[in-house]
Amino acid sequence: MARLLIPEVFAKFEDLTKKEDRIELLRKHNHPALRDILRVAFDADIVSVLPKGAPPYEKDDAPEGYSQTSLFKTHKQFKYFFKGPVANSAEPIRREGIFLNIIETMHPTESEVLISAKDKKLKVKGLTKALIDEAFPGLIVKAVRKTTTKKQEK
């Protein structure tokens, strides 16, 4: 069986109605690239250093599955696009060039997934943090924000 592209997995996900079936589908298509897209889209601790939205780019016209690259091949380069030691040390023009090269050589549906995930605007019907946590426990870091209260002395 050929591996489904991530947008194809999301399309199948939206067709399912039962939570258990959706979780099973995500687990069946478990891949570091899928987990990275989910983390990028839903983890508040992952912050993009790229400009918001889609840059002007030339969409790849290859049929689905025949593009030069895919999210499966490029997910390791995500480190250039989100706050951290690699992205912080890369020049913005280089970082944006890498991003542009990736989205121009992937199928447009994959480029759209990456762009929407980076902007925290990935819309997949039924896909929530809670469901992702059930499918892949601990994938999305739950940032615990402690609020301190001052004891008032009388």
Side-chain angles (χ1 to χ4, degrees), residues 2-16 22-23 25-147:
R3 178 187 302 155
L4 295 179
L5 296 176
I6 291 174
E8 294 174 308
V9 172
F10 289 156
K12 283 187 176 286
F13 180 93
E14 288 184 326
D15 290 340
L16 299 172
R22 288 177 166 178
I23 290 170
L25 177 77
L26 290 176
R27 287 178 178 163
K28 178 182 176 187
H29 295 282
N30 184 12
H31 185 277
L34 174 63
R35 291 191 309 273
D36 284 350
I37 287 293
L38 295 173
R39 285 191 60 228
V40 164
F42 289 93
D43 193 329
D45 288 344
I46 297 178
V47 180
S48 174
V49 292
L50 293 167
K52 289 268 186 224
Y57 71 101
E58 199 169 310
K59 293 182 179 181
D60 183 29
D61 60 357
E64 199 167 73
Y66 290 92
S67 293
Q68 265 185 349
T69 194
S70 70
L71 289 169
F72 297 122
K73 296 176 187 172
T74 61
H75 73 98
K76 290 182 180 175
Q77 293 179 318
F78 289 4
K79 62 189 172 197
Y80 290 101
F81 313 139
F82 303 96
K83 282 188 181 177
V86 175
N88 295 347
S89 65
E91 291 293 322
I93 193 79
R94 178 168 184 256
R95 178 174 48 237
E96 291 170 25
I98 293 168
F99 186 74
L100 191 60
N101 183 57
I102 287 173
I103 62 175
E104 285 186 339
T105 56
M106 283 193 300
H107 191 269
T109 57
E110 287 198 296
S111 297
E112 290 166 21
V113 164
L114 177 56
I115 292 164
S116 62
K118 113 179 140 60
D119 290 340
K120 308 283 189 213
K121 294 181 178 179
L122 182 66
K123 298 290 183 230
V124 179
K125 187 181 87 183
L127 188 62
T128 63
K129 283 184 186 182
L131 190 132
I132 294 167
D133 193 49
E134 209 169 318
F136 305 115
L139 179 67
I140 297 175
V141 178
K142 291 184 174 48
V144 178
R145 309 274 187 238
K146 292 184 179 179
T147 56

Could you tabulate the donor-acceptor pairs under 3.5 Å formed by side-chain atoms of residues 97-116, not counting sequence neighbours?
residue: Glu104; atom: OE2; partner: Glu58; partner atom: N; Å: 3.0
residue: Thr105; atom: OG1; partner: Asn101; partner atom: O; Å: 2.8
residue: Thr105; atom: OG1; partner: Ile102; partner atom: O; Å: 3.3
residue: His107; atom: ND1; partner: Thr109; partner atom: N; Å: 3.2
residue: His107; atom: ND1; partner: Thr109; partner atom: OG1; Å: 2.8
residue: Glu110; atom: OE2; partner: Leu71; partner atom: N; Å: 3.3
residue: Ser111; atom: OG; partner: Ile103; partner atom: O; Å: 2.7
residue: Ser116; atom: OG; partner: Glu112; partner atom: O; Å: 2.9
residue: Ser116; atom: OG; partner: Val113; partner atom: O; Å: 3.2

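- Every residue was checked against the ring-ring contact (aromatic ring centres under 6.0 Å, His included) condition with Tyr57, not counting sequence neighbours, and none meets it.
- Rounding to the nearest 0.5 Å places NE2 of His31 at 4.0 Å from CZ of Arg3.
- Not a single side-chain hydrogen bond (donor to acceptor under 3.5 Å, both in side chains) links Arg39 to another residue, sequence neighbours left out.
- To the nearest 0.5 angstrom, Lys12 atom NZ is 7.0 Å from His29 atom NE2.
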Take Leu25 and Val9, measure what side chain to side chain contact (heavy atoms under 4.5 Å, CB included) needs, and give me the verdict at the end. CA-CA 8 Å; Leu25 177 77; Val9 172; 4.2 Å; yes
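- Residues passing the side chain to side chain contact (heavy atoms under 4.5 Å, CB included) test with Lys79, sequence neighbours excluded: Val86.
- Gln77 CD to Thr69 OG1: the interatomic distance, rounded to the nearest 0.5 Å, is 7.5 Å.
- One distance of note links CG of Leu34 with CD1 of Ile132; it measures 8.5 Å at 0.5 Å rounding.
- Here the CZ-CG distance, from Phe82 to Asp36, works out to 9.0 Å after rounding to the nearest 0.5 Å.
- Evaluation of the side-chain hydrogen bond (donor to acceptor under 3.5 Å, both in side chains) rule for Ser67 yields Asp60 as partners, not counting sequence neighbours.
- Within the model, atoms CG of Leu26 and CZ of Phe136 stand 5.0 Å from one another, a figure rounded to the nearest 0.5 Å.
- For Ser70 against Leu5, the heavy-atom pair with the smallest separation is CB-CD2, 4.4 Å.
- Counting all heavy atoms, side chain and backbone alike, Arg94 lies closest to Tyr80 at NH1-CE2, 3.5 Å.
- The two residues Gln68 and Lys73 come nearest to each other via the heavy atoms O-NZ, 3.6 Å.
- Pro51 is listed as a side-chain neighbour of Glu96, based on a closest heavy-atom distance under 4.5 Å.
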Counting only pairs under 3.5 Å, give me each side-chain donor-acceptor contact of residues 119-128, with atom names and distances, residues two or more places apart or in other chains.
residue: Asp119; atom: OD2; partner: Gly53; partner atom: N; Å: 2.8
residue: Lys120; atom: NZ; partner: Val40; partner atom: O; Å: 2.4
residue: Lys120; atom: NZ; partner: Asp43; partner atom: O; Å: 2.8
residue: Lys120; atom: NZ; partner: Ile46; partner atom: O; Å: 2.7
residue: Lys125; atom: NZ; partner: Glu14; partner atom: O; Å: 3.4
residue: Thr128; atom: OG1; partner: Leu131; partner atom: N; Å: 3.1

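- Residues Leu4 and Phe10 are not in side-chain contact: their nearest non-hydrogen atoms beyond the backbone lie 4.5 Å or more apart.
- Taking 4.5 Å as the limit, every side-chain heavy atom of Lys118 sits out of range of all side-chain heavy atoms of Phe78.
- Under a 3.5 Å cut-off, the side chain of Arg95 and the backbone N or O of Phe81 do not form any donor-acceptor pair.
- Counting only distance, with no hydrogens or angles, the side chain of Arg35 and the backbone of Leu139 share no donor-acceptor pair below 3.5 Å.
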